[in-house]
Amino acid sequence: MPELPEVETIARGVDKRVRGDRILQAWFSRVPQTFKTPRQRQAKGLSGCTILSVHRAGKHIVFELGPPAAASKARTTQPAPGPGVSEAQWIVHLGMTGRLLVTSPESPVALHTHARLLLESGRELRFVDPRRFGRLEFRDLRRSAGFGAPGSEPLTIGEREFAALFRGRRLSIKAALLNQELLAGVGNIYADESLFQAGIRPRRRANRVKRSELERLRLALHQVLTTAIQLGGSSVSDYVGADGERGFFQLEHCVYQRTGEPCRRCQTPIRRVVEAGRGTHYCPKCQH
DNA sequence: CATTTCACCTGGTGGC
DNA sequence: TGCCACCAGGTGAAAT
């Protein structure tokens, strides 16, 4: 599911439901590649912790955790604590098919469930991931630094910094947008949609895109991502939110998965090519 | 070093 | 209905 707008939607939904709750116990599957931190260490680190807050960084969902001893006090004495006092973090990357669900402990456990966190409130947080591209990581902030996505956040980056990302790069502008070390959070849908809005062909070399075009791209990204967040992201097959609610931005797609259909602006059939190993969609007349 | 390709997985879809 | 090829919102390791 998950690009920036979907991850933002999920992080907000999970935050609303579990902020201030306490993790009583943690269960993990035995699929080893799911765990960037060994599963036993995650289980030990998580149990007893208070969830101070949940937020997005790039395509990652970050749980800020308070120490086990501080315990349930946080839940009743509002306002809920902020991230400042966090002692550890639980970091979830959804990969292609990962989902975070808040359910009752009794509800049937879906196939490919890799994590179950039993919460003091009586709810359960679950991580389900059929394709196993998702990753779970635990960080003890007393021992290591806090998590920060490597690339810049596309919603807050300024004009100069944005242009500098592409300077001297000979890869395609599409590949550059997908590179998480440059921009954190842009994936295949929003790369294609923002390039359409900016009128730029996905296969152009990044260093050949003019400064004015790059600025159009920055603004297009901002606009597309902001609108998508407002609509709860894109639900392409099945989806999303902590209760399984769907997003609606797929109705706004201009090019993504519209191969052969008429361009919304000029009626020319949308073209599909493979670029950077990904299906890439554009209008041959509107994009240059 | 920068850039490109491919393996990693399961599941859904559409053609025959 | 079954079988098969192809496609999928991501990424990091290997190859070029």
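A note on names: the letters A, B, ... follow the listed sequences, proteins ahead of strands, and every chain is numbered from 1. Any value given below was found using the heavy atoms of this structure, including those in side chains, with hydrogens, waters and symmetry copies removed.
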In whole angstrom, give the distance that lies between atom [atom1] of [X] and atom [atom2] of [N].
X	N	atom1	atom2	value
Asp129(A)	dG11(B)	CG	C1'	12 Å
Leu171(A)	dT4(B)	CG	C1'	10 Å
Arg258(A)	dG9(C)	CZ	P	17 Å
Arg278(A)	dG12(C)	CZ	P	13 Å
Lys174(A)	dT4(B)	NZ	P	14 Å
Gln180(A)	dG10(C)	CD	P	8 Å
Gln33(A)	dT10(B)	CD	P	9 Å
Glu181(A)	dC1(B)	CD	P	12 Å

Have a look at Leu4(A) and say if it touches a base, only the backbone sugar-phosphate, or nothing, with a 4.0 Å heavy-atom cut-off.
nothing
Assign Gly277(A) to base, sugar-phosphate, or nothing according to its heavy-atom contacts below 4.0 angstrom with the strands shown.
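If one applies the 4.0 Å heavy-atom cut-off, Gly277(A) turns out to touch nothing in the nucleic acid.
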Which whole number of Å gives the distance between the [atom1] atom of [N] and that of [M]?
N	M	atom1	result
dC6(C)	dC6(B)	P	14 Å
dT5(B)	dC7(C)	P	16 Å
dA14(C)	dC9(B)	P	15 Å

Taking 4.0 Å as the cut-off, does a side-chain nitrogen or oxygen of [X] come that near to OP1 or OP2 on [N]?
X	N	answer
Lys59(A)	dG10(C)	yes
His112(A)	dG11(B)	yes
Tyr190(A)	dG9(C)	no
Arg170(A)	dA2(B)	no
His93(A)	dG10(C)	no
Arg205(A)	dT3(B)	no
Arg169(A)	dC1(B)	no

Closest nucleotide of DNA chain C for Leu178(A) versus for Arg131(A): which of these residues is on the 5' side?
Arg131(A)
Which atoms form the tightest heavy-atom contact between Lys59(A) and Val186(A), and what is the distance?
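In terms of heavy atoms, the two residues are closest at NZ-O, 3.3 Å.
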Assess the pair Phe249(A) and Tyr190(A): is the distance between their ring centroids shorter than 6.0 Å?
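They qualify: ring centres under 6.0 Å apart.
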Side-chain H-bond candidate by donor/acceptor type, His114(A) with Asp129(A), under 3.5 Å:
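Short answer, no.
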Paired with dG9(C) by Watson-Crick or G-U wobble geometry, both distances under 3.5 Å: which nucleotide is it?
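For dG9(C), the partner nucleotide comes out as none, under the 3.5 Å rule.
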Can you tell me the Watson-Crick or wobble partner of dA15(C), both distances under 3.5 angstrom?
dT3(B)
Picking from Lys174(A), Arg278(A), Arg271(A), what satisfies salt bridge (Lys or Arg N to Asp or Glu O under 4.0 Å) with Asp192(A)?
Lys174(A)
Residue that, paired with Glu275(A), satisfies salt bridge (Lys or Arg N to Asp or Glu O under 4.0 Å) out of Arg203(A), Arg201(A), Arg204(A):
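Testing each of Arg203(A), Arg201(A), Arg204(A) against Glu275(A), the sole residue satisfying salt bridge (Lys or Arg N to Asp or Glu O under 4.0 Å) is Arg203(A).
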Salt bridge (Lys or Arg N to Asp or Glu O under 4.0 Å) between Arg135(A) and Glu137(A), worked out:
CA-CA 7 Å; Arg135(A) 295 291 180 265; Glu137(A) 178 181 359; over 6 Å; no
Stacking between Phe133(A) and the base of dT11(C) (centre distance under 5.5 Å, interplanar angle under 30°)?
no
